[in-house]
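This report refers to the structure that appears directly beneath it.
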Amino acid sequence: MAEETLVLPHLELRRRTAERDRGLREKVMSLEEAASFVSDGDHVALGGCTMSRTPTAMIWALVRAKKKNLTVSRSIMSSEGEVLYGSGISEHVITSWFSQGIVWGVSKVMRHYTESGQARFDEWSHMSIGLRYRAGAMGIPYMPVRSMIGSDVNARLGDEVKEVTCPFTGERLLALPALNPDIALIHVQRADAYGNAQLDGLQFMDIDMAMAANRVILTTEQIVSNDSIRRAPDQTRIPFFTVDAVVEVPYGSAPHECYGVYEPFFNHMDALAEQTKKDPEAGIKKYLDDFYYGPSSWSDYLDLLGAAEIVDASRRGRSIYND
Amino acid sequence: MAEETLVLPHLELRRRTAERDRGLREKVMSLEEAASFVSDGDHVALGGCTMSRTPTAMIWALVRAKKKNLTVSRSIMSSEGEVLYGSGISEHVITSWFSQGIVWGVSKVMRHYTESGQARFDEWSHMSIGLRYRAGAMGIPYMPVRSMIGSDVNARLGDEVKEVTCPFTGERLLALPALNPDIALIHVQRADAYGNAQLDGLQFMDIDMAMAANRVILTTEQIVSNDSIRRAPDQTRIPFFTVDAVVEVPYGSAPHECYGVYEPFFNHMDALAEQTKKDPEAGIKKYLDDFYYGPSSWSDYLDLLGAAEIVDASRRGRSIYND
Amino acid sequence: MTERKNYTASELLAVMSGRILKDGQIVFAGVGIPLLAATLAQGVHAPGLTILFEGGVIGPFVVPGELPPSTNEQRCTRRANMVLPITDVLLLLQRGYIDVGFMGGAQIDRYGNLNSSFIGDPEKPATRLPGTGGGNDISSLTQMIVAMKHEKRRFVDKVDFITSPGFIDGGSSRADCGLIAGGMFRVVTDLAILDFDDDTKEMKVLALHPGVEPDEVRDNTGFDITIPDHVGRTDPPQKDELAVLRNLDPERLYTA
Amino acid sequence: MTERKNYTASELLAVMSGRILKDGQIVFAGVGIPLLAATLAQGVHAPGLTILFEGGVIGPFVVPGELPPSTNEQRCTRRANMVLPITDVLLLLQRGYIDVGFMGGAQIDRYGNLNSSFIGDPEKPATRLPGTGGGNDISSLTQMIVAMKHEKRRFVDKVDFITSPGFIDGGSSRADCGLIAGGMFRVVTDLAILDFDDDTKEMKVLALHPGVEPDEVRDNTGFDITIPDHVGRTDPPQKDELAVLRNLDPERLYTA
């Protein structure tokens with residue numbers, strides 16, 4: 001369901017949450033089944049940041065399922081944002097920074113779609129996006145903040161931000177509107193069949209996002225037993241009752257990285273940047289044909305990435321634990 | 001330094017923070033040296049909750065150093081609150097619940113000092129205290145909340161809470177004043193010499209408290225190497241630059257528990273409850289004479305607790321990892 | 001209550017309140033009767049019930065005979081699904097993830113307001129009680145079940161101090177204060193199950209426990225309480241329910 | 001800049017900005033020149049300098065030759081003291097724990113405002129740039145050092161879009177907006193080190209790099225810039241500084 005208002009009235013947020021089956025139950029399914037949780041017009045939040053723990057496999061499934069009119073938010077968008085624009089499943093992204101990565105310069109695909117007016121890119125400060133998810137996670141309608149004030153980032157957002165005054169100090173602050181996405185897509189190293197997720201390394205905004213969202217699809221490198229989760233409950237970062245679907249997808253963030261498991265597939269990223277340089281639209285369409293529409297399964301997709309690249313990315317990924 | 005206003009103006013908070021030596025440096029010292037960081041009149045926040053990870057050893061040192069006029073806040077106060085009142089180092093506590101523990105009924109010591117008007121007990125809701133620390137940790141002067149409204153807990157706080165209206169939804173909420181304690185006392189399982197602390201199990205409000213406070217004294221069961229901290233940086237919960245003193249104090253929470261290391265010393269707690277039942281003031285004074293003023297060192301204190309009790313509490317403590 | 005019963009008043013409380021919980025619900029529980037009742041429900045009819053403790057624990061596994069002394073010690077985390085900071089576990093209530101808050105009460109009034117702070121004038125109290133703990137937050141932010149002994153001094157017309165809000169002054173006054181969600185759902189005592197009138201929000205009797213007559217409830221209630229003519233009757237505690245309970249608390253620390 | 005130098009413009013930038021950092025400071029650094037400069041400072045004169053990355057990293061250890069591709073990948077966490085969520089690492093800025101924010105810039109104006117969002121009219125931009133990332137938060141909440149190439153098209157009278165606020169319209173306008181802390185401290189270019197007038201908050205030259213004449217700065221600046229008569233001079237990059245730098249970035253990815 002689309003966000004009807006900038007901030008959901010509290011009782012409506014509660015009604016949607018109360019409707020969900022939050023009991024302890026198994027919810028393992030395929031990428032295709034999980035894709036059915038996303039409706040056209042939804043606000044979809046993406047876990048991870050830039051080239052890290054991107055829910056690539058789930059986006060891949062949404063593109064293949066030909067979703068429409070999604071609004072997509074993320075801390076920072078990398079090549080998955082190019083895929084969103086190029087495939088047409090989203091013409092509206094909300095993020096603080098959007099390009100493949102610093103080393104590849106400004107994204108030609110992002111430029112093509114935004115400069116031509118075909119797609120919208122709402123820019124918020126990095127912390128503001130994080131605090132919008134956090135307010136949503138906390139069940140409050142706004143969060144006061146001392147950032148973004150005075151800049152054109154703020155000015156351009158118009159009525160989506162408001163000035164408030166501290167009732168104790170009289171200080172002027174900005175009120176950020178809570179963000180409760182319709183659905184969040186989050187990729188993790190391990191989760192159990194109920195959706196208890198444990199994350200290693202960088203957490204980005206994923207935990208607030210999971211708590212804030214009205215549904216969560218969890219993709220995981222590996223499904224582990226509930227017993228193994230219960231042995232270290234202080235390592236669980238996302239509780240099962242926020243999660244609606246659990247999908248086991250090895251290399252589910254490729255060509256991006258998954259902390260401690262694999263680093264980015266840099267050669268693949270280089271090739272994508274090169275391919276979209278001259279004719280960004282044709283370049284990204286060809287990329288989609290080759291890697292999104294072409295393969296018949298996620299395994300086929302991994303085959304296209306190539307075993308040697310997978311082995312190399314994995315070796316680099318594990319090296320973080322060498323010290 | 002005492003809190004001059006309910007909420008510190010932002011520039012004053014920043015000035016105090018900027019003055020601190022936040023560089024990477026060793027700060028290991030004795031309990032007695034660390035006690036010198038606490039000034040008479042300070043607002044002191046205590047880590048842990050009820051009978052868990054109480055900074056007993058540091059309170060022990062403050063009592064022996066005859067501090068005065070401390071305002072002390074904590075999520076929930078147990079027998080350490082009785083020690084604060086009985087020793088006279090604090091006549092003003094801020095907490096959500098105050099008694100030794102449910103199994104011992106209402107604290108006679110708390111009743112004696114509060115009902116006679118000798119000491120003050122400001123009651124806030126549990127979450128409100130947590131959110132006050134959190135606002136302090138976030139550098140915002142207030143936090144909107146949907147709790148405490150309508151109750152006499154709220155009414156009794158007078159101007160310390162204010163009503164605010166959400167600029168987006170028009171909903172009425174309560175504004176909680178940020179709390180930036182002058183100093184926080186936190187006990188952990190392990191920390192390095194710089195003050196990087198890793199916590200196992202229940203975290204309570206300790207992380208927000210450490211971030212909010214203007215100084216932190218960390219007592220730790222064990223000082224570990226910085227290398228071992230760096231091997232699992234995603235397990236660090238309190239960063240070194242918030243910490244001013246690191247003191248290695250084995251059994252530093254006894255007679256309370258330290259997660260995974262020892263459970264509460266129930267026999268000791270039973271005896272304290274019994275001893276304070278008839279004449280609470282005399283009972284707690286005798287307890288202070290025996291366990292606080294009597295021993296010449298923390299080791300002597302542990303000797304008084306008794307080796308058999310220590311062994312038993314430790315056996316129970318480790319048992320959490322048996323499953 | 002003149003016949004001999006094969007259960008104590010506390011066991012009756014635990015059984016009757018446990019039955020109100022539904023499979024699949026998420027319950028924020030205090031220690032003592034609430035925890036016993038919730039664990040009992042898991043064992044009897046609600047295997048998918050999730051228990052939360054205010055110390056920061058989601059989905060723990062209570063070891064029989066090792067009931068936690070409060071909601072803030074390591075025993076509460078035994079084989080839990082997740083452990084998180086206090087503030088964050090309480091925020092789950094504010095976010096709306098929790099179906100039921102479940103706690104005991106020292107004093108309750110006609111509109112379901114609870115007092116655990118002061119007996120007498122708060123400015124010069126006869127007794128300073130321990131205070132709210134998580135109670136105020138839980139009762140402000142979700143639907144409540146309260147389990148308590150049915151005594152005249154505990155069931156009063158107006159509490160000395162509203163620690164945990166019920167329906168305040170009745171009618172729409174709770175929402176008017178700004179508490180737009182939650183509210184009292186059931187009060188379970190050793191005499192009856194009570195609920196609240198849809199409009200006035202006054203407490204009334206929903207069902208009487210086995211062997212309890214209406215007058216016994218009236219005599220033990222400090223205000224006029226409505227008992228409908230065709231008031232319900234609860235079924236007595238069953239063997240399997242008592243067996244689960246006694247296994248959980250073999251020393252009867254909470255069910256004596 | 002006619003003499004032959006034994007360093008590149010990027011190396012000059014890294015060395016000159018690294019020197020501004022002081023031992024014991026906490027620096028919020030972007031990748032590229034800022035990270036190189038901060039790591040250089042640690043190796044040369046500030047061993048107790050702490051680096052933070054916006055991805056959520058405190059006190060990492062950069063492995064020479066394995067510079068991270070952004071501040072959000074695992075390479076950034078190499079032997080870090082702590083890893084935490086993005087929002088929380090940024091909140092350290094708001095709380096006041098951070099001494100210096102240190103980043104690069106695409107376009108800067110007379111009052112130190114930075115643009116990394118739009119070239120041309122934001123409603124119909126000639127170029128849509130990637131956006132603020134953490135830049136807006138960092139420059140709103142702490143004292144800033146910016147390192148960038150000194151070119152006329154980059155040093156403009158007024159930026160097309162204020163992505164990261166400097167002193168806005170100068171004078172007290174920054175504080176008047178509600179940004180009561182932080183502000184631009186130094187701009188380091190391949191020609192000079194620039195600071196800001198205490199009252200007007202206009203950019204001015206603090207010191208010229210070796211071999212640079214005042215006119216070279218004027219010619220490469222898109223607005224009238226004050227160069228005091230007795231302007232300072234920086235010392236050229238030293239051997240030990242260049243050696244540390246080249247060890248960090250042997251393939252000259254960031255210092256070509």
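Letters A, B, ... are given to chains in the order of the sequence lines, protein chains preceding strands, and every chain is numbered from 1.
- Annotation: maximal heavy-atom pairing with chain C below 4.5 Å, among B:S99, B:S96, B:G117, B:S319, occurs at B:S96.
- The closest side-chain heavy-atom distance from C:E73 to B:E263 is not below 4.5 Å.
- With values rounded to the nearest 0.5 angstrom, B:F204 atom CZ is found 10.5 Å from C:E54 atom CD.
- Annotation: side chain of B:M127 is in contact with side chain of C:L141 (closest heavy-atom distance under 4.5 Å).
- Listed here is the closest heavy atom pair of B:L202 and C:Q74: CD1-N, 4.2 Å.
- Interface remark: C:V31 contributes side-chain atoms only to the contact with chain B (heavy atom separation under 4.5 Å).
- For C:T71, no part lies under 4.5 angstrom from a heavy atom of chain B.
- In this structure, chain B has a heavy atom under 4.5 Å from the side chain of C:I168, while its backbone stays farther away.
- The closest side-chain donor-acceptor pair between C:T87 and B:Y133, if any, does not fall under 3.5 angstrom.
- Highest contact tally toward chain B, considering only C:G182, C:S117, C:G135, is held by C:S117 [criterion: heavy-atom pairs under 4.5 Å].
- B:E123 places none of its side-chain heavy atoms less than 4.5 Å from the side chain of C:N136.
- Under the 4.5 Å side-chain criterion, counting only non-hydrogen atoms from C-beta, C:F118 is not in contact with B:D152.
- Chain C forms the most heavy-atom pairs under 4.5 Å with one residue out of B:A155, B:P264, B:G317, and that residue is B:G317.
- Note: C:R75 leads C:R174, C:R79, C:R75 in heavy-atom pairs under 4.5 Å with chain B.
- At a threshold of 4.5 Å between non-hydrogen side-chain atoms, the residues C:T127 and B:E115 count as touching.
- Counting only heavy atoms from C-beta outward, the side chains of B:M148 and C:T132 never approach each other to under 4.5 Å.
- Taking chain C as the reference chain and counting heavy-atom pairs below 4.5 Å, the highest number among B:D208, B:T114, B:N322, B:V106 is found for B:V106.
- Atoms CD1 and SG, on B:I149 and C:C177 in that order, are 8.5 Å from each other to the nearest 0.5 Å.
- When heavy atoms are compared at a cutoff of 4.5 Å, C:E66 does not approach chain B at all.
- Smallest separation of non-hydrogen atoms from C:P165 and B:S151: CD-CB, 4.3 Å.
- Interface remark: B:S125 contributes backbone and side-chain atoms alike to the contact with chain C (heavy atom separation under 4.5 Å).
- The two atoms that bring B:R156 and C:P122 nearest to each other are NH1-CB, 3.6 Å, heavy atoms only.
- Residue B:M110 touches chain C through its side chain alone, counting heavy-atom pairs closer than 4.5 Å.
- When heavy atoms are compared at a cutoff of 4.5 Å, C:A80 does not approach chain B at all.
- Scanning all heavy atoms of the two residues, the minimum distance from B:I320 to C:R78 falls at CD1-CD, 3.8 Å.
- Residues of residues 142-160 of chain C lying under 4.5 angstrom from chain B, judged on non-hydrogen atoms, do not exist.
- Heavy-atom neighbours of C:F61 CZ from other residues, nucleotides or ligands within 6.0 Å: at or below the threshold of 12.
- C:L129 CG to B:W97 CH2: the interatomic distance, rounded to the nearest 0.5 Å, is 10.5 Å.
- Taking 4.5 Å as the limit, some side-chain heavy atom of C:L91 sits within range of a side-chain heavy atom of B:L131.
- When the candidates C:S70, C:C76, C:S139, C:A126 are compared by the number of heavy-atom contacts under 4.5 Å with chain B, C:A126 comes out ahead.
- One distance of note links CD1 of C:I180 with CD of B:E171; it measures 4.5 Å at 0.5 Å rounding.
- The number of heavy-atom neighbours closer than 6.0 Å to CG of C:D121, taken from other residues, nucleotides and ligands shown, is above 12.
- Summarising the geometry of B:R172 relative to C:D176, their closest heavy-atom pair is NH1-O, 2.8 Å, with the distance given to 0.1 Å.
- Residue pairs meeting the side-chain hydrogen bond (donor to acceptor under 3.5 Å, both in side chains) criterion with at least one partner in residues 46-55 of chain B, sequence neighbours excluded, are B:T50-C:N72, B:S52-B:E257, B:R53-B:D206, B:T54-B:R74, B:T54-B:H256.
- With a 4.5 angstrom heavy-atom cutoff, B:W104 does not touch chain C via any of its atoms.
- Of the two parts of B:R146, the backbone and the side chain both hold a non-hydrogen atom closer than 4.5 Å to a non-hydrogen atom of chain C.
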